[in-house]
Student: 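Submitted below is the structure of interest, expressed as structure tokens.
Hydrogens, waters and symmetry mates are skipped; everything else that's a heavy atom, side chains included, is used. Quantities reported herein were computed from a predicted structural model and do not represent experimental measurements. Chain naming here is simple, since letters A, B, ... match the order of the sequence lines and numbering starts at 1 in each.
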There are 2 protein chains.
Amino acid sequence: MKPNDLHKLQARARVLKAMAHPTRLHILNVLAGGECCVCELTEDIDADLSTVSKHLSVLKNAGLVKDEKRGLQVFYTLCCPCILDFMGCVENVLRSNAAQQKNLVS
Amino acid sequence: MKPNDLHKLQARARVLKAMAHPTRLHILNVLAGGECCVCELTEDIDADLSTVSKHLSVLKNAGLVKDEKRGLQVFYTLCCPCILDFMGCVENVLRSNAAQQKNLVS
DNA sequence: TTCCTATTTGGCAGTATAACCAAATAGTGC
DNA sequence: GCACTATTTGGTTATACTGCCAAATAGGAA
């Protein structure tokens, strides 16, 4: 593997890693419906405010979301909505896993 | 967030997490070109054999690859090649990150 | 059986993540 | 300035991941 390739792979892995958490995937889903403030996001996530805030900063550092402060609130927006298109393929993987399981059982 | 949703998100996050490593992304890239045995994969990855093997088992547990033993060798195959289509979007994210950086500097 | 090759597994040390709580910061209005 | 709300940051603990080495397993050949 060339060093140049390694850099590229590391960068990609960082983005994927940022997405690889249930809470963060949920946040991305919600943001797909339009910008949202932290307080709204916190409402339906069963976790401490500070935890949600940290998840948001992970997404932000990966460049997946942008934030904008307006008054007291901070609003987050999805940068590249295409990232959620990928979930269709992830579901394929999960479906074939489920089918596999079924075969093993029967 | 409903418990049902949580399950779905956890399952998706597991798949993403399995992809979220430079070495594993490299393996997936190579496998996109067709099945490959462990020894071939190990050649251009600068890591211990056992490390490569463990990465492969992570991918396998996530349902991203299948393995098949033939003689002494084990051949791995990509289950859902569509997972690599996603990289185009990841590159979008990275490109916009780079642009952002440039703006900050200038 | 014994040896050799290909791969996996177990164990360990170092590093990174995740969640919570408490404290800090930043607007807003009085 | 002070009080109040929204959010972030720091610190701590528990858990998970990564990479290496050494040992185990499995197939093939002598």
Student: Within this structure, what is the CG-to-P distance between B:Leu56 and D:dT18, rounded to whole angstrom?
Tutor: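 Going from CG in B:Leu56 over to P in D:dT18 covers 13 Å.
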
Student: Spell out protein contact along nucleotides 13-23 of chain C as letters: B when the base is contacted, S when just the sugar-phosphate is, - when no protein heavy atom is under 4.0 Å; keep the 5' to 3' order.
Tutor: ----SSSBBB-

Student: Could you state whether A:Val58 and A:Leu49 fall into the same hydrophobic cluster, counting links through intermediate Ile, Leu, Val, Met, Phe, Trp or Tyr residues with side-chain heavy atoms under 4.5 angstrom apart?
Tutor: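 No; A:Leu49 is not reachable from A:Val58 via cluster members.
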
Student: From A:Cys80 SG over to A:Leu28 CG, what is the distance, rounded to the nearest 0.5 angstrom?
Tutor: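 Output value for this atom pair is 11.0 Å.
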
Student: Tell me: CG of B:Asn61 to P of C:dT8, nearest whole Å?
Tutor: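 B:Asn61 atom CG is separated from C:dT8 atom P by 12 Å.
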
Student: Run the salt-bridge test on B:Lys66 and B:Glu68 with the 4.0 Å N-O cut-off and return the result as yes or no.
Tutor: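 Judged by the 4.0 Å cut-off on N to carboxylate O distance, B:Lys66 and B:Glu68 do not form a salt bridge.
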
Student: Return the CG to CG distance between A:Asn29 and B:Leu9, rounded to the nearest 0.5 Å.
Tutor: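 A:Asn29 atom CG to B:Leu9 atom CG measures 6.0 Å (nearest 0.5 Å).
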
Student: Just to verify, which of A:Ile27, A:Asp67, A:Leu64 counts as forming a side chain to side chain contact (heavy atoms under 4.5 Å, CB included) with A:Leu56?
Tutor: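 With A:Leu56 as partner, side chain to side chain contact (heavy atoms under 4.5 Å, CB included) holds for just one option, A:Ile27.
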
Student: Without decimals, in angstroms, what is the distance between B:Glu43 CD and C:dT7 P?
Tutor: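 Interatomic distance, CD of B:Glu43 to P of C:dT7: 10 Å.
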
Student: Indicate, with yes or no, if A:Val30 and A:Phe75 share a hydrophobic cluster defined by side-chain heavy-atom contacts under 4.5 Å among Ile, Leu, Val, Met, Phe, Trp and Tyr.
Tutor: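 Different clusters: A:Phe75 never reaches A:Val30 through Ile, Leu, Val, Met, Phe, Trp or Tyr contacts under 4.5 Å.
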
Student: With the sugar-phosphate defined as primed atoms, P, OP1 and OP2, and the base as all remaining atoms, what B/S/- string results for nucleotides 24-30 of chain D, 5' to 3', for protein heavy atoms under 4.0 Å?
Tutor: --BBS--

Student: Has A:Tyr76 got a side-chain N or O lying under 4.0 Å from the OP1 or OP2 atom of D:dT8?
Tutor: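 Checking D:dT8 against A:Tyr76, a side-chain N or O does come within under 4.0 Å of OP1 or OP2.
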
Student: Taking CD1 from B:Ile45 and C1' from D:dC20, how many angstroms apart are they, rounded to a whole number?
Tutor: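 From B:Ile45 CD1 to D:dC20 C1': 15 Å.
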
Student: Can you tell me how far P of D:dA16 sits from CD of B:Gln10, to the nearest Å?
Tutor: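 Checked: the CD to P distance equals 13 Å.
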
Student: Rounded off to whole Å, could you give me the CG-to-P distance for the B:Asp67 and C:dA6 pair?
Tutor: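 Distance, rounded to whole Å: 18 Å.
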
Student: How many angstroms lie between SG in B:Cys89 and CZ in A:Arg12, if you round to the nearest 0.5 Å?
Tutor: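 Going from SG on B:Cys89 over to CZ on A:Arg12, the span is 11.5 Å.
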
Student: Do the rings of B:His55 and B:His21 sit parallel, tilted or perpendicular, given the 30° and 60° boundaries?
Tutor: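 If you compare the ring of B:His55 with that of B:His21, the planes turn out tilted.
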
Student: Pick base, sugar-phosphate or nothing for A:Leu49, based on heavy-atom distances below 4.0 Å to the nucleic acid.
Tutor: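 If one applies the 4.0 Å heavy-atom cut-off, A:Leu49 turns out to touch a base.
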
Student: Would you mind reading off the distance between A:Lys60 atom NZ and D:dT7 atom P, rounded to a whole angstrom?
Tutor: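 Taking atom P of D:dT7 as the reference, NZ of A:Lys60 is at 13 Å.
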
Student: Could you tell me how far apart B:Leu41 (CG) and C:dT7 (P) are, to the nearest whole angstrom?
Tutor: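 Atom CG in B:Leu41 sits about 9 Å away from atom P in C:dT7.
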
Student: Identify the two heavy atoms, one from A:Asn97 and one from B:Ala62, that lie closest to each other, and give their separation to 0.1 Å.
Tutor: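 Reported closest heavy-atom pair: ND2-O, 3.0 Å.
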
